[in-house]
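Inspection log for the structure reproduced underneath, given as structure tokens.
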4 protein chains.
Amino acid sequence: MKKREVQASVKDERLVKKRRDQMIKGAVTLFIQKGFHRTTTREIAKASGFSIGTLYEYIRTKEDVLYLVCDSIYDQVSERLQKDLDMNRGTLESLKLGIADYFRVVDEMQDEVLVMYQEVKSLSKDALPYVLKKEIEMVEMFEKLINGCIENGELDLVEDQVKMIAHNIFVQGQMWAFRRWSLKRIYSIDDYIKLQTDLLFQGILTKNAL
Amino acid sequence: MKKREVQASVKDERLVKKRRDQMIKGAVTLFIQKGFHRTTTREIAKASGFSIGTLYEYIRTKEDVLYLVCDSIYDQVSERLQKDLDMNRGTLESLKLGIADYFRVVDEMQDEVLVMYQEVKSLSKDALPYVLKKEIEMVEMFEKLINGCIENGELDLVEDQVKMIAHNIFVQGQMWAFRRWSLKRIYSIDDYIKLQTDLLFQGILTKNAL
Amino acid sequence: MKKREVQASVKDERLVKKRRDQMIKGAVTLFIQKGFHRTTTREIAKASGFSIGTLYEYIRTKEDVLYLVCDSIYDQVSERLQKDLDMNRGTLESLKLGIADYFRVVDEMQDEVLVMYQEVKSLSKDALPYVLKKEIEMVEMFEKLINGCIENGELDLVEDQVKMIAHNIFVQGQMWAFRRWSLKRIYSIDDYIKLQTDLLFQGILTKNAL
Amino acid sequence: MKKREVQASVKDERLVKKRRDQMIKGAVTLFIQKGFHRTTTREIAKASGFSIGTLYEYIRTKEDVLYLVCDSIYDQVSERLQKDLDMNRGTLESLKLGIADYFRVVDEMQDEVLVMYQEVKSLSKDALPYVLKKEIEMVEMFEKLINGCIENGELDLVEDQVKMIAHNIFVQGQMWAFRRWSLKRIYSIDDYIKLQTDLLFQGILTKNAL
DNA sequence: TATGAATGAGGCTTCATTCAT
DNA sequence: CATGAATGAAGCCTCATTCAT
């Protein structure tokens, strides 16, 4: 599935990229503060550093801004993950590193993740699939990391389990962003990573219990 | 923390209850279809079976409807959970039952949970805490179930772990609702319960790895 | 062909009629001064004596106002013509009376006719046919008056001629409105009626020439 | 009355002429399709084959384009008529030829005539007189043709009649353009010329009736 | 001369809320 | 208590025009 094209009136590709970057940056800040629906196009223009007229030279509708924002955030997050995947050696260690890295990206991009997370649903039926596709791809990255361990004999799991775990990891990452109001009071990101990883690997039953 | 009062012009308490029930029912349907922001008060009134004027006899602002909806959903979910908690005997079995029951409630109330889940953030700074409080209470229910097992010596966990697990359970419940587009293709609710419970209890390293 | 329905949010039919009459009256004044495109919806609302919100309780789009205006003007004009037609006796005299009466209606409703005449083309492909239909009906009225004379033996014309004459009469009526800047300097409405009628009946070759 | 000057930034007269011709050609096409108000300056620039910036090197405002279009159309039509006038011999025959020729020009330039006809009123109070002046001149051409016949004794009419007839001819020409949706179903341009000419000359009263 | 990115006033329309009946 | 007509602030978007390159 190709990227969904957001039409711009301006021809200069480089300029389009530049202006849209300004736009995304400005919009994220606003969406964090007040959400997509409560943010006006004029506010977006202002926060982006140009006029309302100029804003509309680079998008067609307000929703395009949301799409651009979501798209950009996913790109950033998955780009980071891709690196871990690339040096994946199929060991438990590299799985752990992948998870830790993902959680850290989420931590660094808390606001962005939260925004995307809360506002995707505001995308039209038209744009949603493109963003969902990216989500699926990220879950698949975790599946690959896990499958690597299985192939190496470090884990013994069936496909259904793999998929479930991949989903869990993905959601627990997001969870750090969308439940931070609650979690941050108790844990640092390092605590969070350690606790979640241990739980994931060992479950709640102590050795004693086995 | 007491329930947040939503002011009504009408005095007859029984009538207020009745009208608000109609309202919640109508609103949930609409919020599911189009989300809170895209739903108009007029539509809510119509779906509730009365006029826009009447609607405003029972609420003060549109946001009140959202609050009422969220409040009602949480009430229903936690009421169900409360029962399990009441007959909690501090055994792993009753923890498992609690989890299974929670996941099943979420399954039955998928739409409602999804709505609440996606729209809470639209609540004003004023109303949000009241709903968040309910969430906290639900997480605490799971904490209690777990602590029961610890007291009984069936589990050996420190507080930080307990809280983390409670959060995980809570989120995995919601996850069944908000990722159903993805999960339902792979799992039935029974699969989901079994897999998640096993994973929770035993982790991914399982027997072989130990 | 039925009248095209213009949807109103307000239910009370009588009120709808009343408000739309206000609206048409206000709009015509404005359209005369500045044309449809240069008139804003807010101006229409103001000229109609209510708020912009109220305006939109009675129409769906700005174009609806134009349609309502055109529709109303045609109704008024053709209602007047209908009377003449009703007492048509198939004599040259009643044809002359019909023409004179039509020209007089146009004279009395100069502004309205001019507006409709200049702005119909701004109607969407959707609404245009309904208005054009009315125009056709009016032309047909003149055809009937003429055919009456033919049946009575007062005139001897073939169908093509009848149609042409009907069109000419119709256009010469409008002409009094849309070329008044030029014609009024030279003729009174009575002059105009007399001259046009004579020309129509006798041509320019007159007695001398024959 | 001199031509109204439309200011251009560009000095090279030949270039101005060339660009404006491109502009008029492009604009007419668009005005025909969507009318003056619905056509944007950007569209005009594009249809003219140059950029929006360049467009504004040759005009001052969007309205200038309309003026240029109207002006050009009138020029073309009256240039053709002028020829007939030049060889006017004051005979009924040359009057007939003049009318036929005018109707034929209108037929050939249907679109242009229609545009001009429907959009002149969009000209500002500033530009309108210049275009109206051309219209008057055209009507005067017909007056001259008729007066020629009178001087030759071929017709016997008073001034008021002459003016009325000239107006009628002029309007009947336009009519072929602006009522073509209706007329073309019934008549070819030749039918139209013959019928209108006969009616004009002989009226509707048959010899018998006299 | 030619280009096209930038501007912002202003247009159309929606919708939460009020209030007279 | 119920109704629904009225209100107007505010939102999204367009487009004529300018100006730096």
Side-chain angles (χ1 to χ4, degrees), chain A residues 8-12 15-16 19 37-46 49-65, chain B residues 8-12 15-16 19 37-46 49-65, chain C residues 8-12 15-16 18-19 37-45 49-65, chain D residues 8-12 15-16 19 37-46 49-65:
Chain A
S9 304
V10 172
K11 305 291 169 93
D12 183 341
L15 192 54
V16 170
R19 291 278 179 265
H37 281 105
R38 287 198 233 277
T39 301
T40 69
T41 49
R42 276 212 257 273
E43 287 170 329
I44 296 172
K46 196 173 184 183
F50 34 71
S51 71
I52 182 69
T54 302
L55 180 73
Y56 275 88
E57 291 283 311
Y58 296 93
I59 51 158
R60 273 256 230 279
T61 68
K62 186 187 173 190
E63 206 213 281
D64 281 346
V65 181
Chain B
S9 305
V10 173
K11 303 296 167 190
D12 181 342
L15 193 54
V16 171
R19 290 278 181 260
H37 281 105
R38 288 200 233 275
T39 302
T40 69
T41 50
R42 246 114 110 156
E43 287 169 326
I44 296 172
K46 194 172 185 186
F50 36 73
S51 72
I52 182 69
T54 302
L55 181 74
Y56 274 86
E57 294 288 317
Y58 296 93
I59 52 158
R60 275 261 211 281
T61 69
K62 185 186 174 190
E63 205 212 283
D64 281 347
V65 181
Chain C
S9 304
V10 172
K11 306 292 168 95
D12 182 341
L15 193 54
V16 171
K18 181 183 155 194
R19 291 277 180 265
H37 281 105
R38 288 198 231 277
T39 301
T40 70
T41 51
R42 276 210 256 275
E43 287 169 328
I44 296 172
F50 34 70
S51 72
I52 182 69
T54 301
L55 180 73
Y56 275 87
E57 290 284 310
Y58 295 92
I59 51 157
R60 273 255 230 281
T61 67
K62 185 187 174 189
E63 204 213 284
D64 280 346
V65 180
Chain D
S9 305
V10 172
K11 303 297 167 194
D12 181 341
L15 193 53
V16 171
R19 291 276 181 261
H37 281 105
R38 287 199 233 277
T39 301
T40 69
T41 50
R42 246 114 108 159
E43 288 169 325
I44 295 171
K46 195 172 184 185
F50 35 73
S51 72
I52 181 70
T54 302
L55 181 74
Y56 274 86
E57 294 287 318
Y58 296 92
I59 51 159
R60 274 263 211 280
T61 69
K62 185 186 174 190
E63 206 212 282
D64 281 347
V65 181

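In the text below, chain A, chain B and the rest are named by the order of the sequence lines, each starting its count at 1.
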query: Which one, F:dA6, F:dC12, F:dT17, comes nearest to the side chain of A:T41?
result: F:dC12
field: C:E63 CD to E:dG11 P, straight-line distance once rounded to whole Å
entry: 18 Å
task: Mind calculating the distance between CG (C:D64) and P (E:dC12) to the nearest angstrom?
output: 13 Å
task: Pick base, sugar-phosphate or nothing for C:R38, based on heavy-atom distances below 4.0 Å to the nucleic acid.
output: nothing
- prompt: Which value, rounded to the nearest 0.5 Å, describes the distance between A:T40 atom OG1 and A:R38 atom CZ?
  reply: 13.0 Å
query: Can you tell me the Watson-Crick or wobble partner of E:dA9, both distances under 3.5 angstrom?
result: F:dT14
message: Classify B:K11 by what it touches in the nucleic acid, base, sugar-phosphate, or nothing, heavy-atom distance under 4.0 Å.
response: sugar-phosphate
- line: Taken to the nearest 0.5 Å, the spacing of D:K11 NZ from D:S9 OG works out to 7.0 Å
message: Below 4.0 angstrom, which residues in residues 54-61 of chain B have at least one non-hydrogen atom near DNA chain E?
response: B:Y56, B:T61
message: By nearest heavy atom, map C:I52 and B:G49 onto DNA chain F; which one lands nearer the 5' end?
response: B:G49
field: Separation of atom NE2 in D:H37 from atom P in F:dC15, rounded to whole Å
entry: 12 Å
query: Which of the following nucleotides, E:dC12, F:dC12, F:dA5, is nearest to the side chain of A:K62?
result: F:dC12
task: On DNA chain F, check which nucleotide each of D:G53 and C:G53 is closest to and give me the residue with the more 5' one.
output: C:G53
query: Considering only side-chain heavy atoms of B:R42, which listed nucleotide, E:dA6, E:dT17, F:dA5, is closest?
result: E:dT17
query: Does the side chain of B:Y58 come within less than 4.5 Å of B:L15's, by heavy atoms?
result: yes
query: Mapping A:S9 and C:T39 to their closest nucleotides on DNA chain E, which lands nearer the 5' end?
result: A:S9
- request: Kindly give the heavy-atom pair with the smallest separation between D:V10 and D:V16, and that separation in Å.
  value: O-CG2, 3.6 Å
- request: Enter the distance from A:D64:CG to A:L55:CG here, rounded to the nearest 0.5 Å.
  value: 9.5 Å
- prompt: Taking atom P of F:dT3 as reference, at what distance in whole Å does atom CG of C:D12 sit?
  reply: 16 Å
query: Rounding to a whole Å, what distance do you find between D:E43:CD and F:dT17:C1'?
result: 16 Å
query: With a 4.0 Å cut-off on heavy atoms, is A:T40 in touch with a base, just the backbone sugar-phosphate, or nothing at all?
result: sugar-phosphate
query: So, for B:I52 and B:R42, which heavy atoms are closest and what is the spacing to 0.1 Å?
result: CD1-N, 3.9 Å
message: Rounding to an integer number of Å, can you tell me how far C:R19 CZ sits from F:dA6 C1'?
response: 8 Å
task: Scan every strand shown for a Watson-Crick or G-U wobble partner of E:dA16, both distances under 3.5 Å, and answer none if you come up empty.
output: F:dT7
statement: Note: B:Y56 and B:T61 closest approach over all heavy atoms is CE2-CA, 4.4 Å
